[in-house]
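Counting begins at 1 with the first residue of the sequence. What's counted below: heavy atoms across the whole structure, side chains too, no hydrogens, waters or symmetry copies.
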Amino acid sequence: MHSHDPFQPPKSDACGCGHDHAHDHDCQCASGAHRPSCFDAALEVASECEDCRVVHAWLHLHGKWVLHAWGETDEAVYDLTETRNPQPRADYYARNGVTEERLRRYGRVEFFTIMADTGSFGPFDAAFFFAPESDTDPLAR
């Protein structure tokens, strides 16, 4: 388990996750690994934020493509796997290599409808999100 307190503001570090990589050696974000809890975290954001959308996307981290999910508004990203604080959307997108063509965005009602129909928190587009990680660009597949 992580030894950091997720309710504290993030610390400054290379990947921007808020974890202390010098001491938190089991932190998966340092390697750019897929965090399965991201879908649960995105559900929590959607449950608590009426104007949020849920995003499932491929992030380009540490030389590989990683499946991830978060909640967002026009101005802020709520990625509870990193911090409980809102992050500026433009900064989050730039830091994580987020591109529009490599994501699926769901309005809150649409998200809950698909979740109820499938019994899953995501990802919903199984053909596009074919694995938790990929060494090659998912668009080249």
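- No side-chain heavy atom of Val66 sits under 4.5 Å from any side-chain heavy atom of Pro132.
- Between Asp74 and Arg53 there is a salt bridge, since at least one side-chain N of the basic residue sits less than 4.0 Å from a carboxylate O of the acidic one.
- Ion pairing between Glu133 and Lys64 holds under the 4.0 Å rule for side-chain N and carboxylate O.
- Considering every non-hydrogen atom in both Glu110 and Arg105, the closest pair reads OE1-O, 4.1 Å.
- When the shell of 6.0 Å around CD of Glu75 is examined, it contains 12 or fewer heavy atoms from other residues, nucleotides or ligands.
- A salt bridge is defined here as a Lys NZ or Arg NE, NH1 or NH2 lying under 4.0 Å from an Asp or Glu carboxylate O, and Asp137 with Arg102 meets this definition.
- Between the side chain of Ser37 and the backbone N or O of Asp40 there is no donor-acceptor pair closer than 3.5 Å.
- Between Asp79 and Ala69, the closest heavy-atom pair is OD1-O, 4.4 Å.
- Looking at Thr136 and Trp65, their side chains never come closer than 4.5 Å, going by heavy atoms from C-beta outward.
- Residue pairs meeting the ring-ring contact (aromatic ring centres under 6.0 Å, His included) criterion with at least one member in residues 72-105, sequence neighbours excluded, are Trp70-Tyr92.
- Under a cut-off of 6.0 angstrom, the local environment of CD in Glu100 is crowded, with over 12 non-hydrogen atoms contributed by other residues, nucleotides or ligands.
- In terms of heavy-atom proximity, Asn96 sits nearest to Glu82 at ND2-OE2, 4.1 Å.
- Checked against side chain to side chain contact (heavy atoms under 4.5 Å, CB included), Asp91 has the following partners two or more places apart in sequence or in another chain: Pro88.
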- Task: Walk me through it: do Phe39 and Leu67 pass the test side chain to side chain contact (heavy atoms under 4.5 Å, CB included)?
- Result: CA-CA 10 Å; Phe39 294 99; Leu67 175 58; 3.9 Å; yes
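- Side-chain contact between Val98 and Leu59: present, with at least one pair of heavy atoms (C-beta onward) separated by less than 4.5 Å.
- You'll find the side chain of Asp51 reaches within 4.5 Å of the side chain of Cys49, heavy atoms only.
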request  = Report the C-alpha separation of Glu44 and Leu80 in whole Å, then their side-chain angles, then the decisive distance to 0.1 Å, and conclude whether the side chain to side chain contact (heavy atoms under 4.5 Å, CB included) test is met.
outcome  = CA-CA 9 Å; Glu44 182 178 340; Leu80 302 182; 3.6 Å; yes
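- With Tyr106 as reference, Phe124 is the one residue of Phe112, Phe124, Phe111 to meet the ring-ring contact (aromatic ring centres under 6.0 Å, His included) rule.
- Taking every heavy atom of both residues into account, Thr81 and Cys38 meet most closely at CG2-CA, 3.6 Å.
- Phe128 has its side chain out of reach of His56: every pair of non-hydrogen atoms, C-beta onward, lies at least 4.5 Å apart.
- When the shell of 6.0 Å around CG of Asp135 is examined, it contains 12 or fewer heavy atoms from other residues, nucleotides or ligands.
- Scanning all heavy atoms of the two residues, the minimum distance from Cys52 to Val45 falls at SG-CG1, 3.9 Å.
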